[in-house]
Each structure stands twice: as structure tokens, then as C-alpha cells.
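Below is one structure; the comments refer to it alone.
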Amino acid sequence: MHDLRMLREQVDVLRDGMRRRGALDTLAPAIDRGVELERERRTLIQATDERKALRNANAQEVAKRKRAKEDADELIARGRELGDEIAKLEHELVAVEAALQRALLEIPNVPLPEVPAGGEEHNVIVREWGTPRSSDGVKPHWEIASALGLFDLERAGKVSGSGFVFYRGLGARLVRSLVNFFMDTHRDEHGYEEVWPPLLVNRATMTATGQLPKFEDDAYATRGDDLFLIPTAEVPVTNLYRDEIVDAVPMAFVAYSKCFRREAGSAGKDTRGILRSHEFDKVELVRYAAPETSGEQLEALTRHAETMLERLGLPYRRKLLAAGDTGFSSAMTYDLEAWAPGVGAWLEVSSCSNFGDYQARRANIRYRPAKGEKPRLVHTLNGSGLALPRTIACILEHYQNPDGTVTVPEVLRPYLGTGVLG
RNA sequence: GGACAGGUGGCCGAGUGGUUGAAGGCACCGGUCUCGAAAACCGGCGUACCGGUGAACCCGGUACCGUGAGUUCGAAUCUCACCCUGUCCGCCA
């Protein structure tokens, strides 16, 4: 969410940001409405505060007269009048602020200057690592997995429905091994605090990170308790310090979690195998940073995610998303895509973003730059480090052997207890 | 799920419906003292919003004592609902 001051002092920055996202035409009305409502809001606040000041003075005077045993009926009547006026003005103010909030929530974050303008055709590959394996004679991961009994999509369908996976045997152990490998490395080598978050969160938490109210249909909700299944560990972990002033920045957290997504409206897209499911596993990196450092922190965080792919020996590329392809709350995003020769595609296994203070404002997370100084909003960042199903797909395809077996990447062998699947 | 108790500033902790943004203490910051430190003493010490020429400082105003409604000329203080925490009982991986 943007600061109200943006509407008053930096509308041109806002407009330029939306233009670079290619969304100025659709968002100009919301911006104009916001500017207008912000003005109305101030007028109303002035009018109410003025009357409240009068009311307070009046109430003091009543107290004084009562103590002196004098008559105060006239003042009491005056107070009643002021009260009515205040109630009326506040009623208007509530309506204006609600409308203002709605307008503000429609406006996405302003992309950083280094983000290219335009839609996804302007995304830039900024880094490449490894040599993509030729697709010749390479089977897609679902065929390999089925042949090796790593997961059972048919029975998952029976038990839960389409879009769910039942990992079995070494497949199940592979998931657990990857989680441990990622967590251990981020904790031991990259300095993240390991956390294990709740998967069910309340409405306030979902709202603070922006999943609600706009995307309520994308989340799984519980019946009777107003709790939601998290779509990513970003939600509980970013909310860890909601409404608090943290002692020191940067802070860094790594969390494994199940991620639950209804994927309403994405039927038929990437549905083969395990590329898109309603429930998947992911290790997530979350950082709170001082504003001046968030740029370099995004580089560091992205490198932490890339290191996982390098250790696994999976060829990948880093893509700087153009403004129009950058997520709603993000100011700058890198996608990491690993090569899957079996399906012949680059698969998004991580998305690393710098949100600036856009998330922190809504979640109200601040830090004190120095003792005695005023608190400032932190900058929040997060990225997958990594998402499991697609990483598994890439491993199965990249490392498959002519005899149908799959060689296990060196780093996973201590966790998995074997050097070969099959 | 049931029964009690309780939620006040960074922390602890007072608070009779009317100079209470809120006593007192701790922590913190500045100063005096000291070769230096400690102690002692003096002073300062919340957040947000509105306005005073859109910066800083400063000044005025408003709001905030778990959250939301209500009663009242006036609410931290009274009423209701909800949330959370603690203790005990029940249940349970």
C-alpha cells in the first residue's frame, strides 16, 4: 500500500510507475479519485478536529461551573449540538476514508528505476549458469516418476482430487531431503534464522501481506474459524513482526512450509505432472532491511537462491522482470528459471522480490535507525529458496540415464542415502 | 469445551466519569560531578494524523490506555460484544 502522501506530493512518480507497468490507462481513474478523496479527507479532518477542540474546551468549562455549583445547562446543550455535528462529520469521514482505502489498494507498487518498462516481452535475462541439456531422448518427469514409483498422481486424485500429489518411497524421501538440504544451507552458510511457521493464519495476517481482500478466492478458508491456509510462508513469516518496532535490521528468516493455492482460473495451464498443484512444498527466504540497503539485499537473497541450483548442478537463468510483469506489491523481481529438458522448458523455481516499504506499511513493521531516532518502515524482501515440485521435475529430467534410472546430485546423497533412483 | 483472573507508554506498574497523554519505577538520551567509570543529582524521554509557507527544528490542534460498538456535555474509568493471555478442570496428537 502506498503512503497517502504519495497522492499529495508525488502523483507524477505514481503515474510514471503505472505507465512503466503499462497500466496507466486502467489506473488513472483510481489515482485521480485518490487525489480527490485525499483532499476531502483533510478538509473533513480539519472540520472535525476544530469542533472536537471546542467540545473539549466546553466540557472543561462545564466541569469548572459544576465545581463552583453554578448552572451549566446552556453549555451542556451546546456540547450536545457539537456532539451531533461531530458525529455527522465523522460519518462522512469514515465513508471518505473507506473509499480512499479502496482506491489506494488498487494501485500497485512503483517499480524501481532499474526495472525495464513494458510487459513480459521486455523481461531481461541477466545471468545464465550451466549448460542446458539437449531434450533428445529425455522423458518428461511424470513418466520417469511413474516408472520409478516416486509419486502416485492417480491415487492422489482419489484421496484429494486433481492437482494433488502423493509422493511415495524414494520420491517422498527426495522431498524431505531437499527441504533439509535447503534449510541447512541457508541457515549454516547464509545466516538465516530457521523458523517453522503456522500454516493456518487469521484474516489480519492475510490482509497485511496483501492476499486479502482482493485475492480471497485464491485462498483456502476454513469453515467456522475465519482462518486461511497460507499460499506461501511469506505470509506468516513477514507477519512475525507485524505492528512492532524491531530491534535491528537486517533480519533474515528461512522457513519451510506447505503452500496452498486454489489456482482458480488457471485450469489447463501447466497441469501435467507436478508443475502446478493445490498443495506444494517450498522453502522461503524472508528479509527485513534498512531502506538504503534493500537493493543489495535483493542481490544477496537472489544469490542465496541461485546457490541452491548451482549446488544441485541444475542449469538456470536469472530473469529481471519488466515493470508490467512484476507482481502487484513488488518494486523489483528476479525470477529464477531452471531448465527441464524433458518438457523442454525453463521452469520458474524461484521468484525474488524487493517490496520496498509497500508491504511494511500495511503490516506496520518498523525499526529505529539509531537510539532516540524516530521509527521508520523497514523494507521487506522475499524469495523462494527453492520451490520443491519444479526443482524435483528438473532433477529427474536433467539427471535421467538411458536405462531409466536417475543419478542423484552429489549434495543430496547424504540426505537421501543413495546415489541413484531406480 | 467449562470456571475463574487479567489485558494501561520500550518494560514493570498506579489510576474516585471532569486540568490524566496518563503517578511512580526501570531502561534509554543529555548535563553536573569524576583522571575515567559507577553512584548521586538536574533535565529530557510515545505514536499517528491535521494545520501553522509541502524540508529539519519548533508551535497549535485531534486521536490513541486489547478491538469494536454504546451511554454522557465529558470515558483509561460505566454498559455490551468480540479478541488475546494466565491458572485450574475436561478432552486430546
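Every chain is numbered from 1, with letters handed out A, B, ... down the list of sequences.
For A/N56, taking side-chain heavy atoms from C-beta onward, the closest of the listed nucleotides B/rA63, B/rG54, B/rC50 is B/rA63. Here the side chain of A/E9 is nearest to one of B/rG51, B/rG54, B/rG18, namely B/rG54. Of all nucleotides listed (B/rA48, B/rU62, B/rG18), B/rG18 comes nearest to the side chain of A/A59. Comparing B/rC49, B/rC50, B/rG74 by their closest approach to the side chain of A/R5 singles out B/rC49. Here the side chain of A/R8 is nearest to one of B/rU62, B/rC50, B/rU47, namely B/rC50.
Under the Watson-Crick or G-U wobble criterion, with both distances below 3.5 Å, B/rC78 is paired with B/rG70. A 3.5 Å limit on both hydrogen-bonding distances identifies B/rC84 as the Watson-Crick or G-U partner of B/rG6. The partner of B/rG36 is absent, by the rule that a Watson-Crick or G-U pair needs both atom distances under 3.5 Å. Remark: B/rG24 base-pairs with B/rC12; criterion is Watson-Crick or G-U wobble with both hydrogen-bond distances under 3.5 Å. Across all strands shown, B/rU47 is found opposite B/rA63 as a Watson-Crick or G-U wobble partner, with both distances under 3.5 Å. Using N1 to N3 plus N6-O4 or O6-N4 for Watson-Crick, or N1-O2 and O6-N3 for G-U wobble, each under 3.5 Å, B/rG30 pairs with B/rC42. In this structure, B/rC58 forms a base pair with B/rG52, meeting either the Watson-Crick or the G-U wobble geometry with both donor-acceptor distances under 3.5 Å.
Checked against the 6.0 Å centroid criterion, the rings of A/F355 and A/H379 do not qualify as a close aromatic pair. In this structure, the ring of A/F151 has its center less than 6.0 angstrom from the ring center of A/Y167.
In this entry the distance linking CG of A/D243 with P of B/rC84 reads 16 Å, nearest Å. When rounded to the nearest whole Å, the span between NE2 of A/H91 and P of B/rA69 equals 12 Å. For the pair A/Q60 CD and B/rU62 P, the computed distance is 10 Å after rounding to whole Å.
There is no side-chain donor-acceptor pair under 3.5 Å between A/S277 and A/E279.
When heavy atoms are screened at a 4.0 angstrom cut-off, A/K66 is found touching base atoms of the nucleic acid. Contact annotation for A/L75: no contact, since no heavy-atom pair falls under 4.0 Å across all strands.
The cationic group of A/R155 does not satisfy the cation-pi geometry with A/F166, failing either the under 6.0 Å distance to the six-membered ring centre or the 45° limit from the ring axis.
Between A/H304 and A/H190, the ring planes are parallel. Angles under 30° get that label, and only those over 60° would be called perpendicular.
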